[in-house]
*Asks:* 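Got a structure for you, questions after.
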Amino acid sequence: MKAKFLICGLFVMLAAGCAGNKEMLTTSINEAEGMHRAAQAEGIQSAATVQGEKDLASAKQLSEEGKDNAALDAAEHSRLLYRLAFAEKDAKDAALADSTASKELQGDQESQKLYQTILDNETQDKEAAQ
């Protein structure tokens with residue numbers, strides 16, 4: 001999947017030419033910066049965000065040096081890492097919600113058993129009284 005994405009990206013760069021390449025680089029860096037800010041706002045701190053931050057800094061440095069192709073690769077890698085970080089956070093949040101729902105369900109089942117026992121005892125007491 002990553003290889004396909006890079007190949008498609010390279011094809012687009014070749015078709016667009018140098019001017020388009022610079023615009024794509026600027027867009028990619030801006031998107032990576034936005035994702036970085038969003039990750040910080042969400043409090044996401046993981047290996048993916050750390051590496052994404054490094055790749056973003058590398059992309060900026062390579063862009064300043066005029067190495068646009070390498071800068072674009074670094075910026076795109078940074079974006080992918082931030083996407084990974086958001087997906088990991090979503091997965092953790094879903095697992096926590098699932099765990100919470102499971103505990104609530106288990107508590108409901110225990111309450112149901114308790115109520116059934118009370119009902120059975122009252123029924124037996126009424127039958128014994130008759």
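For this chain, numbers begin at 1 and follow the sequence in order.
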*Asks:* Counting only N and O atoms by type, is there a donor-acceptor contact under 3.5 Å from the side chain of Ser78 to the main-chain atoms of Ala74?
*Replies:*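 No; judged by distance alone, with no hydrogens or angles, the pair does not exist.
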*Asks:* I would like to know whether Val50 and Gln45 meet side chain to side chain contact (heavy atoms under 4.5 Å, CB included); could you show each step before the answer?
*Replies:* CA-CA 7 Å; Val50 171; Gln45 187 64 14; 3.5 Å; yes
*Asks:* Should Phe86 and Glu42 count as side-chain neighbours, where that means a heavy-atom distance under 4.5 Å?
*Replies:*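 Result yes, sub-4.5 Å side-chain heavy-atom pair found.
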*Asks:* Are Gln61 and Glu65 close enough that a side-chain donor and a side-chain acceptor fall under 3.5 Å?
*Replies:*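 Present: a donor and an acceptor within the cut-off.
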*Asks:* Check whether any side-chain heavy atom of Asp73 lies under 4.5 Å from a side-chain heavy atom of His77, and answer yes or no.
*Replies:*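 No. Closest side-chain heavy atoms not under 4.5 Å.
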*Asks:* Tell me whether Thr27 contacts the main-chain N or O of Glu23 through its side chain, where contact means a donor paired with an acceptor under 3.5 Å.
*Replies:*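 The answer is yes, because a donor-acceptor pair under 3.5 Å joins these two groups.
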*Asks:* Does Thr117 use its side chain to pair, donor to acceptor, with the backbone of Lys113 at less than 3.5 Å?
*Replies:*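 It does hold such a pair.
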*Asks:* Side-chain heavy atoms nearer than 4.5 Å, only ILVMFWY residues, links allowed to pass through others: does that put Leu84 and Ile44 together?
*Replies:*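 No.
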*Asks:* Applying the 4.5 Å side-chain criterion to the ILVMFWY set and letting contacts propagate, would Met35 and Leu56 be lumped into a single cluster?
*Replies:*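 No, because Met35 and Leu56 fall into different hydrophobic clusters, even though each may have its own neighbours under 4.5 Å.
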*Asks:* Mind listing the closest non-hydrogen atom pair of Asp68 and Ser63 along with its distance?
*Replies:*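 Smallest interatomic distance, heavy atoms only, reads OD1-O, 4.2 Å.
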*Asks:* So among Gln51, Glu53, Glu76, which one has a side-chain contact (heavy atoms from CB on, under 4.5 Å) with Leu81?
*Replies:*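 By the side-chain contact (heavy atoms from CB on, under 4.5 Å) criterion, Leu81 pairs with just one of Gln51, Glu53, Glu76: Gln51.
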*Asks:* Look up atom CD in Gln40 and atom OH in Tyr82, then write down how far apart they are to the nearest 0.5 Å.
*Replies:*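 Interatomic distance, Gln40 CD to Tyr82 OH, rounded to 0.5 Å: 7.0 Å.
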*Asks:* How close do Ile29 and Ala75 get, counting heavy atoms only, and between which atoms?
*Replies:*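 Looking at all heavy atoms of both residues, the closest pair is CG1-CB, 3.9 Å.
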*Asks:* Under the 3.5 angstrom rule, does the side chain of Ser58 hit a backbone N or O of Lys54 as a donor-acceptor pair?
*Replies:*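 No: the side chain of Ser58 does not pair with the backbone of Lys54.
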